[in-house]
Amino acid sequence: MKAQVYLFNASYREPFTISLGTSTVTTNVIIRIEKNDIEGWGEASPSPRILRDDIDYIIKTLENIYPEIQKLDELTPEKIYEVIHSSSGSLSAKAGLEIALLDIWSKEIGKPLYKLLGGYRDFIETDITIGIMEPEEQAKRALRYVEEGFRIIKLKLGLDPDKDVKRVRTVRDVVGEGIKIRVDANQGWSVKEAIKVIDKISDYDVELVEQPVKYDDIEGLVRVKKESSIPIAADESVKTPEDAIRVIKKEAVDIINIKLMKSEGILGAIKIASISEAAGIKNMIGCMGESRLGITAAVHTALAIRNIQYYDLDSDLLLTDDPVISGGALRDNSKRFIRYGKGLCIENIDLTKLKYHKEF
């Protein structure tokens with residue numbers, strides 16, 4: 001098998017601000033693997049703030065792991081997972097590599113990937129995310145998205161507790177009833193602030209509150225959950241299956257948000273979902289800064305697994321450019337689905353939008 005690595009750069013349609021900082025561009029690593037006459041595609045989207053990785057770390061990880069992949073007598077999910085999970089390095093690099101390998105595996109079988117992994121549903125309804133900005137500006141964005149057909153709005157909060165309450169109130173006033181609102185503080189509140197804000201926004205029919213406190217403050221998460229009338233979701237606190245077990249044992253959350261870039265890929269995500277389901281915890285699936293390539297892998301995961309019941313798969317919709325020409329995760333208003341094909345069901349990649357980096 002031969003692997004080629006490319007870089008993909010795209011700007012956000014507008015500066016995207018969360019409590020951890022502001023992003024204006026995303027730079028991702030695109031992985032292309034050729035096995036006989038079959039191509040597999042994957043994407044790694046780094047996050048220095050959350051995953052503590054970058055492009056160089058991703059490339060180094062791929063260089064270290066790929067020789068072990070080449071030793072496999074055949075590509076099967078468990079063999080792929082064994083090699084990737086037992087290796088050290090960038091989580092997003094391992095996710096991108098695994099996605100490309102599963103693309104090949106499912107193409108060899110001749111079925112869409114989600115059908116082989118569970119095939120539970122045919123479409124999902126994603127939210128659309130609005131970064132931190134003045135309350136009136138968030139409300140304008142929310143109304144525009146509702147007019148475009150989105151029925152679930154996700155608001156980024158976490159910089160100013162008092163203004164956060166106003167943000168939620170203003171958006172609810174504008175969108176009215178029947179539109180779901182989710183909020184995500186990205187670790188931005190103290191425990192005391194989280195409890196206070198959640199109590200106040202509970203009047204505005206908020207569906208869930210994501211990562212209200214610091215990722216490593218599990219005891220604080222426990223306290224917030226006990227005081228909250230709104231379901232609490234963990235994001236940064238859970239990367240791996242082992243993390244899921246830790247927060248579940250502490251009874252710290254109602255929902256665990258899975259992201260392929262955190263979980264080392266689809267197979268790690270499925271293991272987190274299985275652990276969650278056994279414990280009576282629902283799952284959400286989210287994203288970092290992936291293009292439609294990486295989002296397509298997440299949509300396959302969401303379509304496959306019953307316990308994944310909340311969907312935040314919109315990062316490609318926030319970017320100005322995309323390497324996928326056709327196929328993959330399609331959209332009709334807020335619905336995302338896979339139409340036909342094999343593997344990831346991506347038909348064409350625009351190589352002119354990718355910068356060749358290296359081969360191994």
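Quantities reported herein were computed from a predicted structural model and do not represent experimental measurements. The figures here come from the full heavy-atom set of this structure, side chains too, leaving out hydrogens, waters and symmetry mates.
Pairs of residues two or more places apart, or lying in two chains, that qualify as ring pair (Phe, Tyr, Trp, His ring centres under 6.0 Å) and include a residue from residues 274-312 are Tyr114-His300. Counting only residues at least two apart or on different chains, the side chain to side chain donor-acceptor pair (under 3.5 Å) pairs with a member in residues 272-285 are Ser276-Asn283, Glu277-Arg306, Asn283-Asn307.
Using a cut-off of 4.0 Å between Lys/Arg side-chain N and Asp/Glu carboxylate O, Lys163 and Glu134 are scored as salt-bridged. Between Lys140 and Glu137 there is a salt bridge, since at least one side-chain N of the basic residue sits less than 4.0 Å from a carboxylate O of the acidic one. The residues Lys262 and Asp235 are annotated as salt-bridged, a charged nitrogen and a carboxylate oxygen being separated by less than 4.0 angstrom. Between Lys166 and Glu136 there is a salt bridge, since a side-chain N of the basic residue sits under 4.0 Å from a carboxylate O of the acidic one. Between Glu251 and Lys226, none of the side-chain N atoms (NZ, or NE/NH1/NH2) sits under 4.0 Å from a carboxylate O, so this pair counts as no salt bridge. Taking 4.0 Å as the cut-off between side-chain N and carboxylate O, Asp316 and Arg336 count as a salt-bridged pair. Salt-bridge formation is detected for the pair Glu74/Lys79: a Lys NZ or Arg NE/NH1/NH2 atom is positioned less than 4.0 Å from an Asp or Glu carboxylate oxygen. Salt bridge status for Lys196 with Glu193: absent, with no side-chain N to carboxylate O gap under 4.0 Å.
Using modelled atom types and a 3.5 Å distance limit, the side chains of Glu43 and Ser291 yield a donor-acceptor pair. Counting only N and O atoms by type, the side chains of Asp314 and Thr126 include no donor and acceptor under 3.5 Å apart. Inspection of the Asp312 and Thr129 side chains reveals an N or O donor paired with an N or O acceptor under 3.5 Å. Checked by atom type, the side-chain pair Gln211/Ser237 shows a donor-acceptor distance below 3.5 Å.
Around CZ of Arg331, the count of heavy atoms belonging to other residues, nucleotides or ligands within 6.0 Å exceeds 12. Atom CD of Glu34 has more than 12 heavy atoms from other residues, nucleotides or ligands within 6.0 Å. Annotation for Tyr12: atom OH counts as buried by contact number, over 12 foreign heavy atoms lying within 6.0 Å.
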Item to complete: Might you work through the salt bridge (charged side-chain N to carboxylate O under 4.0 Å, His left out) test for Lys71 and Glu68, ending with a clear yes or no?
Response: CA-CA 5 Å; Lys71 294 177 184 177; Glu68 299 304 312; 3.2 Å; yes
- Message: Pair Ser87, Asn64 - check side-chain contact (heavy atoms from CB on, under 4.5 Å), show working.
- Response: CA-CA 8 Å; Ser87 304; Asn64 290 339; over 6 Å; no
task: Apply side-chain contact (heavy atoms from CB on, under 4.5 Å) to Lys156 and Phe16, showing your working.
output: CA-CA 10 Å; Lys156 291 292 189 178; Phe16 185 67; 4.0 Å; yes
Working for side-chain contact (heavy atoms from CB on, under 4.5 Å), residues Leu75 and Met1 | CA-CA 11 Å; Leu75 296 180; Met1 292 185 295; 3.9 Å; yes
Mind running side-chain contact (heavy atoms from CB on, under 4.5 Å) on Thr296 and Cys345 for me, showing each step along the way? CA-CA 8 Å; Thr296 294; Cys345 304; over 6 Å; no
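Judged by distance alone, the side chain of Asn333 and the main-chain N or O of Lys335 form no donor-acceptor pair under 3.5 Å. Counting only distance, with no hydrogens or angles, the side chain of Thr61 and the backbone of Ser90 share a donor-acceptor pair below 3.5 Å. The backbone N or O of Leu319 sits less than 3.5 Å from a side-chain atom of Arg13, completing a donor-acceptor pair. Here the side chain of Ser263 pairs a donor or acceptor atom with the backbone of Gly265 at under 3.5 angstrom. Judged by distance alone, with hydrogens and angles left aside, the side-chain atoms of Asp53 form a donor-acceptor pair with the main-chain N or O of Ser47 at under 3.5 Å. Using a distance-only test at 3.5 Å, with no hydrogens or angles considered, a donor-acceptor pair links the side chain of Asp322 to the main chain of Arg292. Glu98 places a side-chain N or O within 3.5 Å of a backbone atom of Leu267 that can act as its donor or acceptor partner. A donor-acceptor pair under 3.5 Å links the side-chain atoms of Arg172 to the main chain of Ile179, judged by distance alone. The backbone N or O of Glu290 lies less than 3.5 Å from a partner atom in the side chain of Ser315, making a donor-acceptor pair. Remark: side-chain polar atoms of Asn257 are paired, donor with acceptor, to backbone N or O of Gly286 under 3.5 angstrom.
Between Ser334 and Ile128, the closest side-chain pair of non-hydrogen atoms is not below 4.5 Å. Considering only heavy atoms from C-beta on, Asp205 stays 4.5 Å or farther from Glu177 through its side chain.
Partners of Tyr145 according to the ring pair (Phe, Tyr, Trp, His ring centres under 6.0 Å) rule, which considers only residues two or more places apart in sequence or in another chain, are Phe150.
Leu344 and Ile270 end up in the same hydrophobic cluster when Ile, Leu, Val, Met, Phe, Trp and Tyr side chains are linked at under 4.5 Å. Under the 4.5 Å side-chain heavy-atom criterion for grouping Ile, Leu, Val, Met, Phe, Trp and Tyr, Ile256 is not connected to Met284 through any hydrophobic cluster.
Partner of Trp189 under the side chain to side chain contact (heavy atoms under 4.5 Å, CB included) criterion, chosen from Asp164, Val224, Ile195: Asp164.
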